[in-house]
Amino acid sequence: VQLQASGGGLVQAGGSLRLSCVVSGGSLGSVTLGWFRQGAGKEREFVAAIHRSGGTTYNADSVGGRFTISRDRGKNSVYLQMNSLKPEDAAVYYCAADGNWGAVSSKYEYWGQGTLVTVSS
């Protein structure tokens with residue numbers, strides 16, 4: 001399974017951004033898809049995940065309802081809609097996939113390259 005993330009950029013605080021991740025070599029129906037992020041000098045942290053059934057999503061408390069994870073099976077893609085962005089949301093964002101459901105980065109087997117999100121105050 002290969003993942004290719006895109007959509008990062010510079011946005012003002014309070015603004016919105018949508019990240020995309022194209023998945024190849026596997027079906028979205030067979031993997032949990034997750035988004036993680038790593039800020040400068042920080043450890044990688046969980047952001048959001050969507051179950052392989054597509055029926056269950058889970059967000060980290062740090063992003064709450066500001067972020068929404070979704071997927072499009074026709075495009076074999078997963079998205080992260082980020083609204084009301086804060087400077088502390090600035091990080092390199094990674095998409096990941098695994099056959100199991102969870103929020104622990106070490107449990108995810110497949111990773112895409114990161115996409116940088118910068119939030120100006």
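If you're wondering where the values come from, they're calculated on a predicted model, not measured in any experiment. When reading the values below, keep in mind they use all heavy atoms of this one structure, side chains included, and skip hydrogens, waters and symmetry mates. Numbers here are sequence positions counted from 1.
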Quiz item: Do R71 side-chain atoms and R52 backbone N/O form a donor-acceptor pair below 3.5 Å?
Solution: yes
Quiz prompt | Rounded distance [0.5 Å steps], OG1 in T57 versus CG in L33 | solution = 12.5 Å
Quiz prompt | Euclidean distance, S70 OG relative to I50 CD1, rounded to 0.5 Å | solution = 6.5 Å
List, one per line, each side-chain donor-acceptor pair under 3.5 Å for residues 18-31, sequence neighbours excluded.
residue: S24; atom: OG; partner: Q2; partner atom: OE1; Å: 3.4
residue: S27; atom: OG; partner: G29; partner atom: N; Å: 3.1
residue: S27; atom: OG; partner: R73; partner atom: NH2; Å: 3.4
residue: S30; atom: OG; partner: S27; partner atom: O; Å: 2.8

Quiz item: What ring pair (Phe, Tyr, Trp, His ring centres under 6.0 Å) pairs are there with at least one residue in residues 3-30, not counting sequence neighbours?
Solution: none
Quiz prompt | Heavy-atom closest contact (A48 atom, L80 atom, distance) | solution = CB-CD1, 4.2 Å
Name each donor-acceptor pair under 3.5 Å that joins a side chain in residues 113-121 to protein atoms two or more places apart or in another chain, with its distance.
residue: Q113; atom: OE1; partner: A5; partner atom: N; Å: 3.3
residue: Q113; atom: NE2; partner: A5; partner atom: O; Å: 2.6
residue: T115; atom: OG1; partner: G8; partner atom: N; Å: 3.0

Self-check item: Qualifying residues under salt bridge (charged side-chain N to carboxylate O under 4.0 Å, His left out), relative to D98, sequence neighbours excluded
Solution: none
Quiz item: So how far is it from N59 CG to T68 OG1, rounded to the nearest 0.5 Å?
Solution: 6.5 Å
Practice problem: Carefully, step by step, assess D89 and R66 under the rule side-chain contact (heavy atoms from CB on, under 4.5 Å). | Solution: CA-CA 11 Å; D89 294 319; R66 297 185 297 118; 2.7 Å; yes
Exercise. Looking only at non-hydrogen atoms, find the nearest pair between Q81 and S16 and report the distance.
Key: NE2-CB, 3.9 Å
Exercise. Indicate if L85 and V92 have the same hydrophobic cluster label, given that clusters are the connected sets of ILVMFWY residues with side-chain heavy-atom separations under 4.5 angstrom.
Key: no
Exercise. Could you name each residue pair satisfying ring pair (Phe, Tyr, Trp, His ring centres under 6.0 Å) that touches residues 25-55, not counting sequence neighbours?
Key: F36-F46, F36-Y108, F36-W111, F46-Y58, H51-W101
Practice problem: Determine whether V47 and Y94 fall in the same hydrophobic cluster, where Ile, Leu, Val, Met, Phe, Trp and Tyr are linked whenever their side-chain heavy atoms lie under 4.5 Å apart. | Solution: no
Practice problem: Might you point out which heavy atoms bring L3 and C95 nearest each other, and give the distance in Å? | Solution: CB-SG, 3.7 Å
Quiz prompt | Of all pairs that satisfy ring pair (Phe, Tyr, Trp, His ring centres under 6.0 Å), the ones with a partner from residues 59-80, not counting sequence neighbours | solution = none
Quiz item: Roughly how far, to the nearest 0.5 Å, is CZ of R37 from OG of S62?
Solution: 4.5 Å
